[in-house]
Structure formats: C-alpha cells, structure tokens
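Note that these values count all heavy atoms, side chains included, but never hydrogens, waters or copies made by symmetry.
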There are 2 protein chains.
Amino acid sequence: MKRQTTTIKDIARELGISPSTVSRALKDHFEISEETKKAVRRVAEELNYQPNSLALSLRYSKSNTIGVIVPEIVHFFFSTVISGIEDIAQSKGYNVIITQSNESVAREMMNIQTLFNNRVDGVLVSLSKESFDYTHFEAMMQKGLPIVFFDRVPDTLNTSKVTVDDLLGGQQATEHLIKQGYKRIGHLAGPKNLDITNARLEGFRKAHEDAGLTVDEDLIIYDQASNEGEAYAAAFELLKTKKPDALFASNDLAAMGAIKAAQKYGKNVPQDFGVVGFSNWQFTALTNPSITTIEQPGFEMGQHAAELLIKQIESEEEEVSVESLKLPTNLLARDSSKKV
Amino acid sequence: MKRQTTTIKDIARELGISPSTVSRALKDHFEISEETKKAVRRVAEELNYQPNSLALSLRYSKSNTIGVIVPEIVHFFFSTVISGIEDIAQSKGYNVIITQSNESVAREMMNIQTLFNNRVDGVLVSLSKESFDYTHFEAMMQKGLPIVFFDRVPDTLNTSKVTVDDLLGGQQATEHLIKQGYKRIGHLAGPKNLDITNARLEGFRKAHEDAGLTVDEDLIIYDQASNEGEAYAAAFELLKTKKPDALFASNDLAAMGAIKAAQKYGKNVPQDFGVVGFSNWQFTALTNPSITTIEQPGFEMGQHAAELLIKQIESEEEEVSVESLKLPTNLLARDSSKKV
DNA sequence: ATGAAAGCGCTAACAC
DNA sequence: GTGTTAGCGCTTTCAT
C-alpha cells in the first residue's frame, strides 16, 4: 500500500505560490508577509503536512539519528543505559538505532559499519568482551564519525568515555562493611589485568587505610568470580583457611556464590557475616535482601553519554574535545550490622 | 568535523565517465561492458565507496527502518522481544528505532507520530496500560503505515497481532498442579475485563474439566493481583477461608505474594503447597526455585512480529493481510510434587 | 554501451 | 516579498 503524503509542492500548488515561499513561510522567515504565512499554515494544517525527514537529512547531510552498540539488550544494566540514552536523544530531537554485538567483535564491526552507512550522526558504544583491538572504531573516528564509549571502554583510544567510578564504589562497599564492624574482609576480585578490578581494589585499600586497618593480602582472591559456582568454591576455601568475617564480591554472581558459601559454612548472613557486591544486574539488589549492593548508575550513564555525543555532533570545532566522565556509584545498604 | 564520503560522482570523475554509468556498473547492469564494471569496482574499492542510504531512502521513499513502541525498555520481557525483533530486522536489512511510551498514551501518540515523520516503513507496537482508544494508530494505518501489535494488543482494531496463547498457558499451569496431586487450586486472576484474564481462566477451567475436576468458583479472586502486597493479602484471606492446596497466580508479583502468604500460613512451598505463576519478568523463574513458571516466549514473539511486519511492508497487495498469531507458552516446572 | 536529464522533497543563494 | 535555480546522492527513462 502506497503511503500518501503531502509535500511542500502540494501546498504551493494549492495556493498558487512557489515551493520556496512555502518553505520559508513554514519556517517563519522574516521576509514573508504575514498574510502568506497564515495561508500557508492553514493549508499545511488542512492537508496535514509533515516535513519529510529523509529529504531534510539528505539536504543537510544530517540524519538526527544516533546509533548504539551494546553487548546485549536483554540485560538490566544495558537496557537501563539505553533508556537514559533515549531520554536525552528524545529531548534533543534525535532518533536512536539500537544494535547488539552479542559479545562478538565480528558483529561489532558489522554494526559500526551498518550504522555508519546508515548515516547516523554519532555512535555510543559499550565494547564486547572480545574487543581488545579497536581499529575498526578508530577508522570510523578518522572518517569523522563521533563515538563516545560507555561502561566497557577502550583503554588506549583517545576518545570520550563515560564509566562508573569503581574506586569510589570499592571504597563505599568496604567502608560500609567496616562501619558494620567487620574487620577481616575477603575480596573476590576480577581478573588482575582489568582496570575495574584494580580500581575497586584501590577503593578497598583506601577504605581500610582511612579506617586505620591493614589489608591482609591473603584475603584477596583474583579471577575466581566470573560465575556463582567458581565464586562459591573460592569463597568457601577462603572461609576455611583465612576466616574472613565479611566478603566483598566484584559482581552479583560472585556475591551469590559468597552468600551460599557463607551459609554452607554455618554463617548467618547478614546477621553475623557481611556480604557486599557490585551489581549491574539488579537481581541481587531486588531479590536478595541479604546483600548490600553497589549500584551502577545505568540511566545516568546513558544520559551523560548521549549528552556528550550530541555535544560533539553539534560542535562546530574541527578538533573533537575528549572528555572522560566517572559517575559515582550508589550504595544500596541492607541492614546487616554485625552483632557486637 | 565534516564527514568525508565518496560518492558515485567521485568515482565517475576519477574514471572520466558519467555517474549513471557508475551506478549501473555497481548494480551489474547487463548493458555495461565488463571492462567498465571492473574499473568501477576497482575505484569504488579504492575510494571505499559506500552508498548513501539517505539518498536511496529518498529516491525509493523507503527507509528500510522499522519503528518499535514498547511500554518500557527496561523490562525483561520487552527487551527480549526487542532482541527478537533485531534478529529478524537485521537479517532482512532493516534498522530498528526503539521508542518507549513509559505507559503513557500521550507519549505513545508522540512516538507513533515521530516514527511516521521519520519515514519508518512500519511499526511494531505493544500498547501502554493507558491505551483504550486506538484512533491514533488507526489514523496512521489509514495513511498506509503498516502496524503490527504484539503482547498488549488492541481488542477492536482489525490488524495483525502476535500474542501469547494464554488459554494454553493457563491450562499448562493448572495441569501441572493437578498432576502434582493438588485438587483445590486457588486462582489469583487479573481484572475481569482483560482478555488475558479470561483466556487464562478458560485454560484453568479446561484443565479441571479434562481431569474430571470441578472448579470451585469461590477459589477465584479477581483483580487482586496487581502487586505483591495486594496478592499477599488476597492469598492469605483465601487460605484462611477456602483452604486451597495450591495457587495459580496470574503474574509473577502475585506469585511472590502467594508464596509469602502460604509460608505465613504455615505451608511449606513447594513441598506441601503448589504455586505456579505467569511470568514475563523472569525474576521469579530465575530466582525463586519454589515457583513453577509459565514463560512467555519474548524472543520468538519479537521474531514473529517483525516477520509479519516486514512481510506486510514488502507486500505489493493493496489490501493488507491481517494475521493473528498465538504463541505457545513454556512451562518451567519446579520440583513441587505434593507429598501424597 | 554510455551520457544527459529529470526527479525523490527540501532549502538557500541569487535573482527581481 | 516572492520566484528561479541548483544541489544533497542516487536511479532511471530517454536519447544517441
């Protein structure tokens, strides 16, 4: 079925004037007589005229669309970010095209290419887990495509990024446990080579330092936190050999493992054993009242990333400004005071 | 920063031929000499030519983009549907623009208008809770915009719809409980005026009938299932007065309420009290091992909806074909056999 | 086998 | 104050 549309020409013909006059009248151009303007507006209304954005995009070489590449949409954190992106985009008159990499670099490369070909004005990217090489993004940026990264950002690329303040988060989490009276806090950390692992650990150390405590290095376990089972085993072993009185888990699955290990070990969580976990998955926070959660501000991240990108798109500067934002985390505390 | 692009003209200039020849060569037109084609392809490759999709869209009045309106993106079910939509769209060369209504009709009307103005080729819609009037969609459809509804569909509009087979789901859920040995099954139903409420109830009755059981109407509670607290109260009251041995909850929050009420009442779930709940939120299924869940096939729904829409978009017919699909639900059974 | 020209819908410099 | 024209990038009819 053919779509019926009225164009500027239709209005012009109707009124016996030229298309350019109509165009100007619709934009309230100062050289057009009030009379003509009124007439044009009336007819436009009558015929239910809607400007053709495709024509505009072509004319201005600007699509007013931004692209997004996320590892997966079906993920609480990323869909929250998308929501934040939508929020800003909408308010600034941009459409949002969502694509997902499914954690594959190949898909990621396809996506960025597709988005570029579809003339998006800029792209927001959170890297797939496989992405250690960023040349496909670099190439696009060199072609003049503005890209802002969020959450999972490239370490080397000189570009705008929005991330979570992991140091602060690590500190908040640890402080919380210390405040509850816990002193021997185990740490189920991520892989040693990851920036976030180290930032969170730094926060962990800082909190200890601030409280006048020393960190027992034996209580830090690296790279055993990628799933619940692994974390469970690591936590149980830790409990047996090093007797921590609380656990800091680097993600929510690890936190689940930690809790189960503590319970298995005879601990009462959260009454006599504290667990705090980073989460971008919301499940822990919502469903497990025993875990104190460090919440990642997804919506705000989306907002900030979109704002940065649009600023870059609309900037006249030849030289792109590079900004790095670190958003504060949020502590969702549970009542888990250690019984003294 | 200006975006550099090579156009067909650049290739033409480079080779000293006309743009139209280049265009034809690139489409492997039979009247172009093999020699020219080769040269064109070579230069296109060299200059990294990418067709301008905006120009194409304008030329063909087809954007190869479909719009989506969901109540909210941050919702397991809807993000799953979106994922399914992406899947099909991608494979058929369509972009997807996502918008959310945030459960407001006003936003919904804005969204459909925006999408229309942005020349999407068709739209997939799941209605907001506020939407009982569908004239804004009807108007668009009359203008020739293909629309396919999914999950929350309009009852009156004559249009393609994709939904879940609630009757089957209700039946599956009930059968499951009956098979476990439960005989007095309470039913926390939705509002009486909703189609899904009645379909699920019908399945509930059918399962009873098939098993030679009669339904005790007193065990059916309407419209007290919209949140956990409400459901809890209703379930507790039901337990006290009507002594059911199992509960069928019309959604996952209600299921949570039902479980808590049963536990409060001294029941052991799932050992001596069965609970089954519909879920499009996944939380129950993933996190509460006591609830048997009727899963709604989100991904498949997205796929089917997108397929239907694209078929409609690409159909040459003047008359749009209206199809209604009901997708089978999936029972995620838990081990909750009644101890006999 | 290839080129010139018109047009998708809109805008803006340049007429008058 | 309004019309004419050219052009955004591409395709396609009509010439040659």
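Between B:E130 and B:R107 there is no salt bridge, since no side-chain nitrogen of the basic residue lies less than 4.0 Å from a carboxylate oxygen of the acidic one. Salt-bridge check for A:E323 with A:K311: passed, with a basic side-chain N closer than 4.0 Å to an acidic carboxylate O. The pair A:E34-A:R41 meets the salt-bridge criterion, with a side-chain N (NZ, NE, NH1 or NH2) lying under 4.0 Å from an Asp/Glu carboxylate O.
Scored by the side chain to side chain contact (heavy atoms under 4.5 Å, CB included) test, B:D10 finds B:T6, B:T7, B:R13, B:L47 as partners (sequence neighbours excluded). Residues passing the side chain to side chain contact (heavy atoms under 4.5 Å, CB included) test with A:H136 are A:V105, A:E108, A:M109, A:I112, sequence neighbours excluded.
Contacts between residues 34-47 of chain B and DNA chain C, defined by a heavy-atom separation below 4.0 Å, involve B:T36, listed by number.
For the pair A:Q50/A:T5, no side-chain contact is recorded, criterion being any heavy-atom separation below 4.5 Å from C-beta on.
The distance from atom NE2 of B:H29 to atom P of D:dC14 is 14 Å, rounded to the nearest whole Å. Whole-Å rounding puts the B:K62 NZ to D:dT11 P distance at 15 Å. Summarising the geometry, the separation between CG on A:L15 and P on D:dG3 is reported as 10 Å, rounded to the nearest angstrom.
Proximity of A:T21 to the phosphate of D:dG3: a side-chain N or O atom is located under 4.0 Å from OP1 or OP2.
Remark on the helix from C:dA1-D:dT16 to C:dC16-D:dG1: inter-end axis angle 60°, axes from five-pair C1' superpositions, rounded to 10°.
Residue A:I147 comes nearest to A:Q312 through the heavy atom pair N-OE1, 4.1 Å, listed as atom of the first residue, atom of the second, then distance.
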Protein proximity profile, nucleotides 9-16 of chain C - base contact B, sugar-phosphate-only contact S, no contact -, cut-off 4.0 Å on heavy atoms
BBBBBB--
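Sorted by first then second residue, the salt bridge (charged side-chain N to carboxylate O under 4.0 Å, His left out) pairs that include residues 44-65 of chain A, not counting sequence neighbours, are A:R42-A:E46, A:K62-A:D121.
In this structure, a donor-acceptor pair under 3.5 Å is present between the side chains of A:Q100 and B:S83. In this structure, a donor-acceptor pair under 3.5 Å is present between the side chains of A:T135 and A:D133.
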